[in-house]
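What follows is a short report on a single structure.
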Amino acid sequence: MNTEPEIIVVVDDPQYQQFFLDSLQMRCNISFCASVSVASDLIDLIHPDILIVDLDLTGDIGLSVIAELRHNSASKEAFCIVVSSSTEKLDYTNAIAAGANTLLIKPFSEDQLTSVIESYISQTSNFK
Amino acid sequence: MSIRFSDLERHQDAVASQVESALLKTTTEVQRAIDEVLVLTDVLSSLVYIKPDFTESDFNRVTEIYGSKHPAVLSLQLAPNGVVTYVSNPEANRSAIGHDLLSGESSSTSARLARDTHTKISVGPVPLIQGGQAMITRDPIFSENGEFWGFATILIDLNTFVKQHVSEVELASIAIRSVSEDGKPGEVFIGNPDVFKNDHVEYPVNFGDRRWIFGATDTLIPEVSNFIISSGFLALVALICAFVFASSYKLITSRTILEETVDLRTQSLQDALEELSSQNRKRNQLLGMVAHELRTPLSAIGMMCDQHNDQEWRNARQQVARNVRDIIYTLDDMRLLVNPNLVRPIRFEQFNITLFNEAIATSVASIVAATGMSYKQFDATPAAMNDLLLETDIYRTRVALTNVIRNACLHSQGSFVSMVSRVHLEQGGGLYLDWLIADDGVGIAGDNLERMFEPGERGDTRADGTGLGLYISKTWIEEIGGAVEYRLRKTGGSEFLVRIPLTFASSIEPKSSGDDSSADRANALLSKLNVLMVEDEAVLRMLGQKLLEKIVNTVEIAEDGQVALTRFNTSYDLVLTDYFMPNITGVELARELRNQGYKGVIIGVTAATMGDQKNEMLTAGVDYVISKPLTRKAFTEAIVGLAAQGRFDSCDEALHG
């Protein structure tokens, strides 16, 4: 059980939620939530290995939310993928500074998503 | 006169078997003596039970009477609330008075273990200040209402005890060692340790919950043989003597055999008696716990029934229903424990994850409130899943989850419990539905970790419970292809995982108007039905009648199977019958009706949700079995299901015709 990566996906678009679920083909646990406040609670409980945050959540959320979620000690070690449809919002330097490990600009393919996740997993000794 | 080698071998075998049988006899005797002396703690417990307000002189009288029969007993003690207050031989044992067993460094672990497991715990051998070594046995005493009273303690001088029951000659070739808790050989505390290093025979003896191994060496075989070889001629003399005494010898042996037989029989009877009394104790313990589990929800119901106005009563109704369900769960648990062969049949039903989680929150609300824990739950499944109907054995899953949450509330000693439902993916895309239940309590560690999923296991907890919850949860979830697992949380506390295969309902019915029309069809059918209801319990009969009158055309009632048969005619579209009834049971009634050629629908109602009763009814010609209590929902579901199978077609036609 300890070798199951824990993934939290903060995405409120049901279609994108489904996309994440369908794309992943590896052994993992995947939790979805549609708001930043629930995300904080889930982070406390689950201690995610991977945190995926969609900046297109309802309500004007900026990169500061990444910093907020990363501030939690339970997510400090997590690999954080930030996704957005807007290249403006997702300025690379600022996103990394806010705590993102990598960025994906919508629309991205299943392959793009899985290659980012799987390359992280393969680098991490926890899941072997 | 010469002795051949084969004779020597045969002789050695004979001596070895003599050593073995001598050791068996000794250990049997020691075992009997141990069991007899350990009963003294029960004698002290019974003093507390029979005379809760006993005085010091009562205590002294009891210990004088029993202590004098057992010279190896150094001290008998009673420790109310764990504090040693009454001791026998006060001159010798005065220093023990006032010692708090639950906080003292050397005694606290075993004392707490004894208290928490409700069992006698023995410790030792421990060295004595005055020399020698002792065994200490503590027996926890509980008052009638299950509260911890204190301990009865017995101190036994080991050397005196062994000398009393093992002859000096035997002691020379015997050694005794303890066995550590993980089953490894412990220290040799009586006799020569070399006994265990050479060829030897061994027999185990139980000192309460501790185990001793008696070893006896047969190294004296060669010496004995040499003696016999060198003194061969003496054997001749012996032979003559034997011949002379042959007749008297025969008499003696037959008498010895007779005595041995009597001894053996007595021993086996004693063993059986002890086994029985140990089983009795266990049963009483379980019954006590179950009684407590039943009393709590029942007294809550009693209080709710005292609500004064209608509004209060309406509010209390849900709580009453919840308490009743808790009682039914406990009773089901008991049935399962009493007869583990009863396997609950797997029954898949459709469910919606949001509603299901809400039902869990309602189920655990009372225990959450009672324990003052804060409880939160999250649904972290994809949003689209809320529009889908899933399929599982709802009852099993609900029981497993409520058990785990209940456990966390009662035993974790933390401040919060949280539940998250989410999806687990297997390599290649296999889907599971997970519930993760986390708390910030003390966690489960060490031995308790390995035993936590065993029946009757209650860990190091002071709280009430039957200790069945986790065992049942795990067994039931595994039976539907899932898993229940435990791990410590990274930040402390416990984390339970309940995982079931994620199955989408085969036919997803749209929630739109189609639903209404099928409900309309069901209501239309129900309103045409003429029902004969057979129930021997007056209250259930009245409730059932009231319920059915609202939804079907006509209801007639019969007080039992016999009455039902005399009242029966083929105008009934449906016979609804109880399982357990005097005179004629539900099964016999169904069989008889089918024999008479009745083609209508028979629905059975049974309180026994497990076991063969359902199958027995179905075999007898019952179409469908509803678990008690009979509710409108369960009844309607049964009718809709049977209508879908075409079981009401004939009555529909007849009505239309």
Side-chain angles (χ1 to χ4, degrees), chain A residues 1-52 54 57-58 72-78 110 113-114 117-118 121 126-127, chain B residues 353-354 357 374-388 405 408 414-440 449 474 482-500 502 504:
Chain A
M1 197 162 106
N2 288 324
T3 56
E4 295 170 3
E6 293 282 354
I7 305 178
I8 295 183
V9 183
V10 193
V11 177
D12 62 358
D13 181 343
Q15 284 193 347
Y16 258 94
Q17 289 192 351
Q18 196 61 44
F19 172 80
F20 282 108
L21 188 62
D22 292 343
S23 307
L24 297 171
Q25 292 290 314
M26 58 181 195
R27 186 173 157 85
C28 65
N29 300 320
I30 175 162
S31 306
F32 293 94
C33 64
S35 77
V36 177
S37 66
V38 175
S40 293
D41 282 330
L42 286 184
I43 287 171
D44 280 338
L45 286 172
I46 289 175
H47 300 258
D49 300 296
I50 297 173
L51 181 64
I52 302 175
D54 185 352
L57 286 178
T58 321
N72 189 324
S73 65
S75 65
K76 268 199 181 124
E77 304 289 313
E110 281 190 16
L113 175 69
T114 49
I117 292 180
E118 276 163 19
I121 301 259
N126 297 353
F127 310 117
Chain B
I353 181 74
T354 313
N357 280 355
S374 96
Y375 176 74
K376 271 191 185 177
Q377 65 182 35
F378 304 92
D379 178 19
T381 58
M385 208 129 104
N386 287 319
D387 300 329
L388 296 174
I405 298 170
S415 65
F416 79 78
V417 188
S418 295
M419 179 177 91
V420 183
S421 52
R422 55 107 190 268
V423 174
H424 167 75
L425 284 176
E426 274 298 326
Q427 186 79 39
L431 284 175
Y432 288 81
L433 189 55
D434 271 9
W435 283 270
L436 192 71
I437 293 120
D439 66 59
D440 63 340
L449 198 60
K474 190 172 159 71
V484 177
E485 288 174 22
Y486 174 84
R487 65 184 167 197
L488 283 168
R489 268 164 65 73
K490 286 173 191 160
T491 48
S494 294
E495 196 167 278
F496 279 90
L497 180 82
V498 176
R499 173 169 291 168
I500 62 166
L502 181 54
F504 295 99

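This is a predicted model, so every value here is computed, not measured. In what follows, every heavy atom counts, from backbone to side chain, and hydrogens, waters and symmetry copies are set aside.
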Against chain B, label A/C28 side chain, backbone, both or neither, depending on which of its atoms sit under 4.5 Å from a heavy atom there.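 Looking at A/C28, backbone and side chain both touch chain B.
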With a 4.5 angstrom heavy-atom cut-off, which part of A/D44 approaches chain B: side chain, backbone, both or neither?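 Interface part for A/D44: backbone (N, CA, C, O).
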Heavy-atom distance under 4.5 Å to chain A: side chain of B/V423, backbone, both or neither?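 Both parts, backbone and side chain.
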If I measure from the heavy atoms of chain A, does B/D379 come under 4.5 Å with its side chain, its backbone, both, or neither?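 Just its backbone gets close to chain A.
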Taking CD in A/E77 as the centre, count heavy atoms belonging to other residues, nucleotides or ligands within less than 6.0 Å. Is the count above 12?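 Not more than 12 within 6.0 Å, no.
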Determine, step by step, whether B/R499 and A/N29 satisfy the side-chain contact (heavy atoms from CB on, under 4.5 Å) criterion, reporting the C-alpha distance in whole Å, the side-chain angles of both residues, the deciding distance to 0.1 Å, and the verdict. CA-CA 11 Å; B/R499 173 169 291 168; A/N29 300 320; 3.2 Å; yes
How close do B/A384 and A/Q18 get, counting heavy atoms only, and between which atoms?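 Smallest interatomic distance, heavy atoms only, reads CB-OE1, 3.9 Å.
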Student check: side-chain heavy atoms of [X] and [Y] closer than 4.5 Å:
X: A/L21; Y: B/L425; result: yes
X: A/V38; Y: B/F378; result: yes
X: A/L45; Y: B/M419; result: no

Could you tell me whether the side chain of A/H47 and the main chain of B/K490 form a donor-acceptor pair under 3.5 Å?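 The answer is no, because no donor-acceptor pair under 3.5 Å joins these two groups.
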Hey, does the side chain of B/Q427 reach the backbone of A/M26 with a donor-acceptor pair shorter than 3.5 angstrom?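 No.
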Can you tell me how far OG of A/S31 sits from CG of B/D434, rounded to the nearest 0.5 angstrom?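 Going from the CG atom of B/D434 to the OG atom of A/S31 covers 8.5 Å.
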Would you compute the distance between atom NE2 of B/H424 and atom CD of A/E6 and round it to the nearest 0.5 angstrom?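 Separation between the atoms: 10.0 Å.
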So if I apply the side chain to side chain contact (heavy atoms under 4.5 Å, CB included) rule between B/R422 and each of A/I7, A/L42, A/I46, which one comes out positive?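 The residue from A/I7, A/L42, A/I46 that satisfies side chain to side chain contact (heavy atoms under 4.5 Å, CB included) with B/R422 turns out to be A/I46.
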